Amino acid sequence: MIPLDDYLIDTLMRDLVGHDRRPASFLVYLWIHSEQFRRQTPVAASYRDLGESIGISKSSAQSSVGWLLRRKLLSVTRESRTATPAYTVKRPWRRSTR
């Protein structure tokens with residue numbers, strides 16, 4: 001069982017699906033969130049892999065990742081310009097405990 005913040009369902013889903021009209025972005029965020037929880041590392045996935053894992057097109061996955069990056073809900077790292085990107089879920093609603 002993957003623990004989900006109440007914020008994810010109560011606020012983020014409503015914001016991405018209802019306000020932004022980007023339900024695929026919510027699915028991408030949720031999938032990366034769950035994979036990151038399972039692996040305990042950033043999730044390396046191509047747009048094709050993302051789309052196939054979620055059941056959306058490659059272009060929808062690409063658009064969704066772009067939207068999540070703009071909203072600062074994801075961060076991305078690449079070893080090189082053409083390498084498969086590794087995504088990390090960000091949770092800006094959580095306060096850092098530093």
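As the structure is a computational prediction, the values presented were derived from the model and not from experiment.
Atom OG of S64 is separated from atom CD1 of I56 by 4.5 Å, given to the nearest 0.5 angstrom. Considering CZ of R14 and CD1 of I9, their distance stands at 10.5 Å, rounded to 0.5 Å. To the nearest 0.5 angstrom, F37 atom CZ is 9.5 Å from L4 atom CG.
Counting all heavy atoms, side chain and backbone alike, G18 lies closest to R21 at O-CG, 3.6 Å. Heavy atoms only, all atoms of each residue included: V89 and Q36 are closest at N-OE1, 2.7 Å. The minimum heavy-atom distance between A61 and L50, with the atom names listed, is CB-CB, 4.0 Å.
With sequence neighbours excluded, the residues that form a salt bridge (Lys or Arg N to Asp or Glu O under 4.0 Å) with R39 are E35. Residues passing the side-chain contact (heavy atoms from CB on, under 4.5 Å) test with D15 are H19, D20, R71, sequence neighbours excluded. For the side-chain contact (heavy atoms from CB on, under 4.5 Å) test, residues two or more places apart in sequence or in another chain that qualify with S63 are R22.
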Output side-chain donor-acceptor pairs under 3.5 Å for residues 24-34, partner residues at least two apart or in another chain, one line each.
residue: Y29; atom: OH; partner: K90; partner atom: O; Å: 2.8
residue: S34; atom: OG; partner: L30; partner atom: O; Å: 3.4
residue: S34; atom: OG; partner: W31; partner atom: O; Å: 2.9

Side-chain polar contacts of residues 76-83 - donor-acceptor pairs under 3.5 angstrom, sequence neighbours left out - could you list them?
residue: S80; atom: OG; partner: A83; partner atom: N; Å: 3.4

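Using a 4.5 Å heavy-atom cutoff, the side chains of L68 and Y87 are not in contact. Counting heavy atoms from C-beta on, the side chains of L12 and L73 come closer than 4.5 Å.
Sorted by first and then second residue, the side-chain hydrogen bond (donor to acceptor under 3.5 Å, both in side chains) pairs involving residues 40-51 (not counting sequence neighbours) are S46-D49, R48-E52.
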